[in-house]
Amino acid sequence: MPAEPLDAVEVKRHTLDVRIAHWIVALCFILLGLSGLALFYPPFFFLTALFGGGETARLLHPWLGIVLVAGYLWLFVRFVSASVPAPEDMTWMLRLGDAMSGREENLPEIGKFNPGQKLYFWGMAILILVLLASGIIIWNAYFATATSIPTQRIGLLVHSIAAILAILGFIVHVHMVTWEPGTLRAMVRGSVTGGWGWKHHRKWLRGVVAGKRAKPGTSAPAE
Amino acid sequence: MGAARTMTVVRSSATSSANAAVSFRDEVVKLIDVSKCIGCKACQAACIEWNDTVQPIGYFTGSYQNPPDLTPHMFTLMRFNEWVNPKSGELEWLIRKDGCMHCAEPGCLAACPAPGAIVQYENGIVDFVQENCIGCGYCVKGCPFDIPRISAMPAKAYKCTLCSDRVAVGDGPACAKACPTEAIVFGTKQEMLHHAAGRLIDLKSRGFAEAGLYNPGGVKGTHVMYVLPHADQPELYSNLPANPRISPWVKIWKGAATKYASLAAMAAFIVGAVVHHVASGPNQVSDKDEEEARKLIEGRR
Ligand code: HEM
Ligand code: SF4
């Protein structure tokens, strides 16, 4: 992270509960990806060693999935109102080239989340739902006879494709954090610099400032 | 069973199948002549005896079929079906010894994610190697005959081994040895095909015009074959599939196209992220942004 300007102001962005839920989801996702890919593609089977062997990787995976679903449910409730599409999103999307080159001056002012983040939020919500449903169908220890074998075959294909799509989204998500310095601290310390808000989420920053003026003394971010 | 060392493995789950090109030497076949079976279950008892499994005592469900289904402790099961032949109007008691068919193209082996948990020997026997098995149950989904069963704790896959441990030392399977009517015979594929041909001549001469050998091509043939009096309707024999094959869903899921497309997509995204970072990143916040924000927050705009 580059040194902040000495006179940067701090703006709160994510509350503690959101940050805890986010990191639980992130950790579970990485472990799910590693244990899942180990079963998906035999040359990756060695990854099961991270979990103490193939049997434990197989055993832990679905339970990690349940924890991830619980964590994502929390994130969903806390983020859903800020993830509703806004009128300016279309313009932003049409100028994706500017967004991806850091030319924010050509983009409309953006609220708490930009359309890319909203897409990731909704895309992950759907994929996790699909992974949960298909994951239960193929969970042999408890649901071997809950569905027919032909259904389970489809479940396996659906689960692995949904997992790959989720991993692709995850790669983009992690990349954007490193591409926009100053973003990681929003999920670590819970705050960003004012300049970060001004550059990337000006409408949100204006909202936070307006809210503060209306209720002096509160520093809770607008969720 | 551990992979028996006295037989050569030609295919092994979740490993490169380079050896699969090796031609089978001395392919073996267990031939089950349904027309000779009297349903005594000596084979079932011999199977439990030899494999030293314990099938818990169950309940009578109104059928000789006991237990009602294959289990991790019951690798073979006599399935009983009562059928009224519409042509003769007579009741026929159809009894089929169910168990692993030892497919030449085994769906379980294709589906298995654990290296070496399922092996195919050059004599055609498909065997589960429990010490490599992780208990995921993929083999159950891969099998076109619904044969593998997963034990509870530890979770391991079990099925008929075709007595690979007996065959490895030149003996035949325990069930064949126990059968009092020689409905189960075991030998090289050539011998068994010859034997079956003789049985079919006999059955046809006695009015079973549709008698035939069950050796389905959809799985490239099997190393357990049936002589069926009604080979035109294999489903009569407790749902023996007429055209078994590895499900297309399993083939897509396990296919090279799916695996390589997925790997390529992940690699492309990672490379793309790095290129994007180098080409137009990082997207830094400037001092001017901080200054503007300060003005906004302090109410100067
Ligand atoms: C949402 C809850 C989830 C549940 C209940 C679940 C359950 C399962 C189950 C039961 C299996 C079969 C292996 C085993 O028994 O462990 C499996 C495989 C797999 N899972 Fe999940 N999972 C979930 C989420 C995820 C996520 C988020 C990912 C991706 C990061 C993922 C990736 C995979 C992959 C790649 C496989 C291997 C599929 C194959 O062998 O082709 N799963 N999952
Ligand atoms: S349960 Fe079946 S598919 Fe899974 S590792 Fe064991 S043998 Fe292979």
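- Contacts between B:C143 and chain A at a heavy-atom distance below 4.5 Å involve the backbone alone (N, CA, C, O).
- Interface residue A:L37: only side-chain heavy atoms are found under 4.5 Å from chain B.
- B:K251 is not listed as a side-chain neighbour of A:R153, based on a closest heavy-atom distance of 4.5 Å or more.
- Interface summary for chain B: among A:E180, A:H175, A:E104, A:R202, the most heavy-atom pairs under 4.5 angstrom belong to A:H175.
- Nearest heavy-atom pair, A:W198 versus B:A293, reported as atom, atom and distance to 0.1 Å: CB-CB, 4.1 Å.
- When every heavy atom of B:N283 is checked against every heavy atom of A:P181, the shortest pair comes out as O-CD, 3.5 Å.
- Contacts of B:I252 with chain A are made by both backbone and side-chain atoms, with heavy-atom separations under 4.5 Å.
- Proximity of A:F40 to B:K259: side-chain heavy atoms (C-beta onward) are separated by under 4.5 Å at one or more points.
- Within the 4.5 Å cutoff, side-chain heavy atoms of A:V11 are placed close to those of B:I297.
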Query raised in the report: Which is it for B:K288 and A:K199 under the side chain to side chain contact (heavy atoms under 4.5 Å, CB included) test, yes or no, and what are the steps along the way?
Result: CA-CA 10 Å; B:K288 180 144 178 307; A:K199 181 166 170 61; over 6 Å; no
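- Using a 4.5 Å cut-off between non-hydrogen atoms, no part of residues 65-74 of chain B approaches chain A.
- Taking non-hydrogen atoms and a 4.5 Å limit, the residue list of residues 41-49 of chain A in contact with chain B, ordered by number, reads A:Y41, A:P42, A:F44, A:F45.
- Across all non-hydrogen atoms, the minimal contact from B:E290 to A:W196 is OE2-N, 4.1 Å.
- The part of B:K254 that comes within reach of chain A is its side chain, from C-beta onward, which places non-hydrogen atoms under 4.5 angstrom from that chain.
- With a 4.5 angstrom heavy-atom cutoff, A:L168 touches chain B via backbone and side-chain atoms both.
- Distance alone, capped at 3.5 Å, is enough to place a donor-acceptor pair between the B:S280 side chain and the A:M100 backbone.
- Heavy atoms closer than 4.5 Å to chain B are found nowhere in A:T56, neither backbone nor side chain.
- Closest heavy-atom contact between A:I164 and B:M266: CD1-CE, 4.0 Å.
- Here the side chains of A:H200 and B:D289 are not in contact, with every heavy-atom distance at 4.5 Å or above.
- Within a 6.0 Å radius of CZ in B:R245, no more than 12 heavy atoms belonging to other residues, nucleotides or ligands are found.
- A 4.5 Å side-chain heavy-atom check between B:W249 and A:L156 finds every atom pair outside the cut-off.
- For the pair A:S160 and B:W253, the tightest heavy-atom approach, listed with the atom from each and the gap, is OG-CD1, 3.4 Å.
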